[in-house]
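Written below as structure tokens is the structure these notes are about.
Numbering of ligands and ligand atoms starts at 1, following listing order.
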Amino acid sequence: MSLRAVRGVKDILPGEVELWEVVEAEARRLFKTFGYAEIKIPVFEHTSLFARSLGETTDIVQKEMYTFEDRGGDSITLRPEATASLVRAYIEHNLFHPPRLLKVFTIGPMFRYERPQAGRFRQFYQVNAEAFGSDNPAVDAEILVFVDKLLRALHLDDLEVRLNSLGDEACRPRYTEALTAFLQRRRDALCEDCDQRIDLNPMRVFDCKTPGCQELKEAAPTIGEYLCEACVDHFEQVKAHLARVDIPVHLDPQLVRGLDYYTRTTFEVVSARLGAQDAVCGGGRYDGLVEALGGPPTPAIGFAIGIERLVSLLDRSRLPLDEGTPQLFIATVGEGVDEVAFEIMHALRSASIRVEREYESRSLKAQMKVADRSKAQYTLILGGDELARGAALLRNMAASSQEEIALDSLVEEIKARLALP
Ligand code: HAM
């Protein structure tokens, strides 16, 4: 049997990985600008953390978790998302002391046993951020400003932000009741899954792609009509803040999320270029979760961007990719030059110059071909009479010109030609 990666996971190879680097670098740069600190969290947790945070009836908890018993008999789950772990860390390390707005981010892999398809993997990466300790609508707007800035820095300006408010514990129950009554009256038209959802999690019907359910959705009551005054006011202020900085949003009264912890502001960023799995980013408020997991009452909001989906939208020609191209290539001529080459390479790399060489004893012509392919700006040719004189030939690859340079001032000379400090 040939060895292959597990279904639904993928290797990110050189060539693509440079795009990931740009995404991470831009995200980290912006996180600094916006005052987010990094937290590194474990990739696995006690299963109960996710069951309690994400909702017992969600697809993730019901069907998609990688859960196993470890050798000590504990039930462990590979994290399907990062928010639950960050909330756990927030409580466990008393990060609510002193009371303040605490902004954190983490970047890493998540695991969901979903049906693999384009843009949907069983191990995927997220850039995930959370802001704990404020219910100010400006914080909601700031989160969306962050996402907008990141996408624009990556030259993605064709994405749509879908925004909704899911209300809070004061108004959501009234809405769920109305929706349940509506769905119960039309039970016959619902698919089997949605029929079960009525009693467990009726809002999930909005996520159903079955034609019958789609049609029903159009006539279903929407949460907007049921929001309490405080939630309406909060939502209005989020929108007003976004309008002040010209961030366009598309209001989507049917936007629900696949996790149960959300309250009030929720959003997704979608791309028409992605097909069925069109969300690049999802997030929202979860004002009750910290308290539900045993912490003090703490309003919070966050988001996660799926890196695979984001990367699939990028235009490499518009990004500053670092493909690791060497600045200098070393070619050797004749016997006994290896050690000199090794020493020179060491000196150049110590000065942070990117150097490569050909290790196999090939003809100079063959080595020059490798040098060409490497796209190095210069090739240093070591050997023969020059070496005996304490010198080497430096070839400018683009200009096809050669000059002799002294080995004892090699590093300085090369730095000068590469315009390095
Ligand atoms: P989510 O909507 O489940 O939210 O995931 C966020 C993003 O992760 C999605 O929009 C998508 O880009 C990516 N994603 C999710 N599942 C997959 C998959 N199977 N394959 C590839 N990409 C995927 C959350 O995870 C929340 N924790 C976000 C959040 C943070 N809310 C508040 N704070």
Side-chain angles (χ1 to χ4, degrees), residues 6-10 12 20 23 27 36 39 41 45 49-50 53-55 58-61 63-66 78-90 102-132 139-140 142-144 146-147 150-151 156 159-164 166 204 207 255-271 273-290 298-313:
V6 172
R7 187 165 129 83
V9 306
K10 68 170 188 166
I12 314 298
W20 286 58
V23 168
Y36 281 76
I39 297 195
I41 45 171
E45 300 269 359
L49 172 68
F50 300 115
S53 315
L54 315 188
T58 56
D59 282 355
I60 297 184
V61 171
K63 307 191 260 197
E64 297 170 1
M65 297 206 300
Y66 279 92
L78 298 184
R79 62 181 186 198
E81 59 110 59
T83 310
S85 305
L86 288 165
V87 171
R88 192 233 350 105
Y90 180 76
L102 181 77
K103 293 178 278 184
V104 295
F105 76 94
T106 197
I107 301 178
M110 310 295 153
F111 309 86
R112 295 183 194 175
Y113 191 80
E114 292 191 86
R115 196 165 50 78
Q117 63 181 81
R120 190 155 77 187
F121 304 96
R122 290 181 170 170
Q123 172 176 325
F124 59 95
Y125 285 72
Q126 285 184 344
V127 172
N128 184 101
E130 315 291 348
F132 294 103
V139 177
D140 307 39
E142 251 184 61
I143 290 257
L144 284 162
F146 179 99
V147 173
L150 178 58
L151 297 175
L156 292 173
L159 303 190
E160 182 178 273
V161 179
R162 295 199 178 141
L163 187 67
N164 195 14
L166 294 181
R204 302 289 306 150
D207 262 356
L255 176 78
V256 292
R257 307 263 305 122
L259 304 148
D260 280 357
Y261 49 60
Y262 290 111
T263 54
R264 292 193 166 172
T265 312
T266 43
F267 54 86
E268 281 186 357
V269 181
V270 298
S271 165
R273 288 191 276 140
L274 277 179
Q277 302 304 315
D278 62 354
V280 173
C281 169
R285 257 192 188 282
Y286 49 95
D287 290 344
L289 184 61
V290 177
T298 308
I301 179 167
F303 69 88
I305 293 175
I307 304 187
E308 287 80 358
R309 290 186 198 171
L310 183 65
V311 162
S312 73
L313 293 172

Hey, is ligand 1 close enough to [X] that some N/O pair sits below 3.5 Å?
X: R120; result: no
X: A279; result: yes
X: A82; result: no
X: V280; result: yes
X: E114; result: yes

Would [X] count as a contact residue for ligand 1, given that I'm defining contact as a non-hydrogen atom of the residue lying under 4.0 Å from a ligand atom?
X: Y125; answer: no
X: G119; answer: yes
X: E130; answer: yes
X: R257; answer: yes
X: C281; answer: yes

Between [X] and ligand 1, which residue portion shows a heavy-atom distance shorter than 4.0 Å: side chain, backbone, both, or neither?
X: Y261; result: side chain
X: Q126; result: side chain
X: F303; result: backbone
X: N128; result: side chain

Please state which protein non-hydrogen atom is closest to [atom] and give its distance, to 0.1 Å?
atom: atom 31 (N) of ligand 1; result: Y262 OH, 2.6 Å
atom: atom 13 (C) of ligand 1; result: G306 CA, 3.6 Å
atom: atom 30 (C) of ligand 1; result: T83 OG1, 3.0 Å

Given side chains that start at C-beta, do those of [X] and [Y] come closer than 4.5 Å, heavy atoms only?
X: N164; Y: L166; value: yes
X: V311; Y: W20; value: yes
X: L54; Y: E81; value: yes
X: T265; Y: L163; value: yes
X: D59; Y: R204; value: yes

- Can you name the one residue among L313, V270, D278 that meets side chain to side chain contact (heavy atoms under 4.5 Å, CB included) with L159? L313
Heavy-atom contacts with [X] under 4.0 Å: which atoms of ligand 1 show up? List them by number with element.
X: G283; result: 31 (N)
X: L259; result: 4 (O), 24 (C), 26 (C)
X: E81; result: 25 (O), 26 (C), 27 (N)
X: G282; result: 10 (O), 28 (C), 29 (C)

- Message: Around atom OH of Y113, are there more than 12 heavy atoms from other residues, nucleotides or ligands closer than 6.0 Å?
- Response: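 Atom OH in Y113 is not crowded, with 12 or fewer foreign heavy atoms closer than 6.0 Å.
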- Message: Let's go through R257 and E268 carefully: what are the C-alpha distance in whole Å and the side-chain angles of both, what is the deciding distance for salt bridge (charged side-chain N to carboxylate O under 4.0 Å, His left out) to 0.1 Å, and is it a yes or a no?
- Response: CA-CA 9 Å; R257 307 263 305 122; E268 281 186 357; 2.8 Å; yes
- Query: Can the ring centroids of Y90 and F132 be said to lie less than 6.0 angstrom from one another?
  - Reply: yes
- Query: How close do F124 and E308 get, heavy atom to heavy atom, and via which atoms?
  - Reply: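 That would be CA-OE2, 3.2 Å.
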- Message: Restricting to non-hydrogen atoms, name the atom on P116 and the atom on R7 that form the minimum distance, rounded to 0.1 Å.
- Response: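 Where P116 meets R7 most closely, the heavy atoms are CD-NH2, 3.4 Å.
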- Winner among F124, F121, F267 once heavy atoms are compared against atom 14 (N) of ligand 1: F124
- Task: Show the numbers, then the answer: is there a side chain to side chain contact (heavy atoms under 4.5 Å, CB included) between L151 and L310?
- Result: CA-CA 9 Å; L151 297 175; L310 183 65; 3.5 Å; yes
- Does any donor atom in the side chain of T83 or Y286 lie under 3.5 Å from an acceptor atom in the other side chain?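 Not at all, the side chains of T83 and Y286 share no donor-acceptor pair under 3.5 Å.
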